[in-house]
S.K.: 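Submitted below is the structure of interest, expressed as structure tokens.
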Amino acid sequence: MKGRILPRSFYARPTVEVARDLLGKYLVHGGCAGVIVETEAYLGTGDIAAHSAAGITDRTRVIFGPPGHAYVYLSYGMHECFNITAEQEGEAGCVLIRALEPVAGLDTMRTRRPGAIHSRDLANGPGKLAKAMGITRGLYGRDLTRGDFVVRDATPQLPVDIAVTPRIGITKSADLPLRFFIRNSPYASRHSQ
DNA sequence: CGTTAGATTTCCT
DNA sequence: GGAAATCTAACGT
């Protein structure tokens with residue numbers, strides 16, 4: 001978990017760049033940490049699959065706020081999913097963190113996800129990742145540039161071979177190539193290869 | 001191993 | 001009222 005905390009300027013960029021550049025970084029929460037191996041970009045314009053396409057509501061407010069904050073929502077009535085906001089304040093855009101390679105706090109993660117036999121199953125999907133890392137809607141809006149819930153640079157930078165495909169599990173704007181993952185990572189979700 | 005159905009709640013129309 | 005950025009167990013092959 002070495003490396004500097006990613007600064008606000010990292011997130012204040014086009015959502016697609018942020019999604020791609022988050023691969024290989026460390027997500028840290030409490031005593032748990034993992035390398036981000038899979039992300040998806042949800043855009044503010046021209047993307048009707050994004051929650052922010054409905055405009056500013058109680059749920060989507062943070063997506064329009066300053067970059068580098070947590071957007072956590074409930075999916076299918078039972079799973080929480082974790083996103084990081086991007087773009088300048090006033091502009092929508094966020095990155096769904098879909099999968100992690102666990103590197104610290106594995107025992108805690110296993111306690112939260114007793115069904116995961118192999119460590120590769122602890123966080124290889126957005127719902128599983130939030131569960132393993134202890135991320136809930138109570139963390140909605142949290143600033144990810146300070147405190148015990150942050151993203152850190154890798155030192156040295158990890159080499160990443162990035163693959164791009166359409167996003168998973170959506171029906172609208174389903175053809176846009178906005179999913180990024182580390183090719184050959186056994187920790188990416190099962191749709192990967 | 002692949003495919004499918006059901007769980008369960010929030011949110012927007 | 002209905003669709004939803006998912007997961008797991010149960011079934012068939």
Side-chain angles (χ1 to χ4, degrees), chain A residues 11 14-20 22-23 27 34 36-65 67 69-87 91-102 109-142 144 151 162-182 185-193:
Chain A
Y11 302 104
T15 307
V16 169
E17 290 182 24
V18 176
R20 193 186 55 217
L22 277 170
L23 295 177
L27 175 65
I36 296 171
V37 299
E38 183 175 345
T39 64
E40 283 179 0
Y42 286 88
L43 311 180
T45 56
D47 183 5
I48 53 177
H51 293 164
S52 55
I56 299 180
T57 66
D58 283 342
R59 182 177 62 153
T60 63
R61 180 162 292 114
V62 71
I63 306 174
F64 293 84
H69 288 251
Y71 168 48
V72 185
Y73 72 95
L74 188 67
S75 181
Y76 289 95
M78 59 193 92
H79 303 291
E80 324 234 28
C81 293
F82 166 59
N83 301 246
I84 303 176
T85 62
E87 307 280 352
E91 201 168 326
C94 64
V95 178
L96 173 67
I97 310 301
R98 284 191 58 90
L100 289 183
E101 174 180 344
M109 294 190 199
R110 278 190 236 276
T111 302
R112 294 185 181 125
R113 300 212 62 241
I117 307 298
H118 308 284
S119 67
R120 59 191 295 168
D121 296 319
L122 283 171
N124 61 339
K128 304 180 212 177
L129 182 156
K131 189 88 188 231
M133 291 291 287
I135 298 170
T136 68
R137 282 167 294 166
L139 295 170
Y140 180 94
R142 273 284 274 276
L144 296 168
V151 184
I162 298 174
V164 185
T165 68
R167 294 170 292 186
I168 303 293
I170 60 171
T171 55
K172 294 176 275 196
S173 296
D175 49 336
L176 303 178
L178 294 176
R179 170 170 173 260
F180 304 88
F181 62 94
I182 299 181
S185 171
Y187 296 93
S189 72
R190 69 187 207 288
H191 298 92
S192 313
Q193 67 159 332

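Lettering of chains follows the sequences in order, A, B, ..., and the numbering in each one begins at 1. If you're wondering where the values come from, they're calculated on a predicted model, not measured in any experiment.
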S.K.: Take atom CZ of R190(A) and atom C1' of dA9(C), then tell me their distance rounded to the nearest Å.
M.R.: 13 Å
S.K.: Output yes when at least one side-chain N/O atom of T171(A) is less than 4.0 Å from OP1 or OP2 of dA3(C), else no.
M.R.: no
S.K.: CZ of R179(A) versus C1' of dT6(C): gap in Å, rounded?
M.R.: 14 Å
S.K.: Working to the nearest 0.5 Å, report the span between SG of C94(A) and CD1 of I84(A).
M.R.: 10.0 Å
S.K.: With a cut-off of 6.0 Å (strictly less than), are more than 12 heavy atoms of other residues, nucleotides or ligands near CZ of R120(A)?
M.R.: no
S.K.: Restricting both atoms to N or O, compile the protein contacts to nucleotides 11-13 of chain B shorter than 3.5 Å, with distance only.
M.R.:
{"from": "dC12(B)", "atom 1": "OP1", "to": "T57(A)", "atom 2": "OG1", "distance (Å)": "2.4"}

S.K.: Do the charged groups of R137(A) and E80(A) touch, with an N to O distance under 4.0 Å?
M.R.: yes
S.K.: With sequence neighbours left out, what residues match F82(A) under ring pair (Phe, Tyr, Trp, His ring centres under 6.0 Å)?
M.R.: F149(A)
S.K.: Can you check whether Y42(A) and H51(A) have ring centres sitting under 6.0 Å from each other?
M.R.: no
S.K.: Between the protein and nucleotides 11-13 of chain C, list every N/O to N/O distance that falls short of 3.5 Å.
M.R.:
none

S.K.: Can you name the ring pair (Phe, Tyr, Trp, His ring centres under 6.0 Å) partners of F64(A), sequence neighbours left out?
M.R.: none
S.K.: Please list, by residue number, the residues of residues 123-134 of chain A whose heavy atoms come closer than 4.0 Å to an atom of DNA chain C; answer none if no residue qualifies.
M.R.: G125(A), P126(A), G127(A), K128(A)
S.K.: What is the distance from CD1 of I170(A) to P of dA4(C), rounded to the nearest Å?
M.R.: 10 Å
S.K.: Expressed in angstrom and rounded to an integer, what is the separation of I48(A) atom CD1 from dA5(C) atom P?
M.R.: 11 Å
S.K.: If the test is side-chain contact (heavy atoms from CB on, under 4.5 Å), which one of I168(A), T39(A), I36(A) qualifies with R98(A)?
M.R.: I168(A)
S.K.: What is the pairing partner of dT9(B), taking Watson-Crick or G-U wobble pairs with both distances under 3.5 Å in any strand?
M.R.: dA4(C)
S.K.: Mind listing the residues from residues 69-87 of chain A sitting with a heavy atom below 4.0 Å of DNA chain B? Number order is fine.
M.R.: L74(A), Y76(A), G77(A), M78(A)
S.K.: For a quick check under 3.5 Å, do S185(A) and E101(A) share a side-chain donor-acceptor pair by atom type?
M.R.: no
S.K.: Is the shortest side-chain N to carboxylate O distance from R167(A) to D47(A) below 4.0 Å?
M.R.: yes
S.K.: R112(A) has an atom CZ; how far is it from atom P of dT8(C), in whole Å?
M.R.: 16 Å
